[in-house]
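Only this structure's heavy atoms are used, side chains among them; waters, hydrogens and symmetry mates stay out.
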Amino acid sequence: MLAGFGPRSRSTCSPDWGKSHKVNVTLPDLLIKRIDSAVARHVEFKNRSGFLARAALHELERSAG
């Protein structure tokens, strides 16, 4: 499990990961709508950035194992 990003973690930011940076990504409209819908239903994501960070970490863990 990546530190600060466990299933019960309420934050996608952890001191272990260092400073957060703003990035620009291009995603299809329907995907953004689905992400926003998931964020609205699940408070643990907090916002779109939190959702994307958790999704990225999930994929990194999955590909490492």
- request: List in chain and number order the residues that pass side-chain hydrogen bond (donor to acceptor under 3.5 Å, both in side chains) with S63, two or more places apart in sequence or in another chain; answer none if no residue qualifies.
  value: none
message: For the CZ atom of R54 and the CD atom of E59, what is their distance to the nearest 0.5 Å?
response: 14.0 Å
Which donor-acceptor pairs under 3.5 Å do the side chains of residues 23-35 make with protein atoms, sequence neighbours left out?
unit_1 : atom_1 : unit_2 : atom_2 : d
D29    : OD2    : K33    : NZ     : 3.0

query: Looking at A38 and F45, what are the two nearest heavy atoms and their distance?
result: O-CD1, 3.9 Å
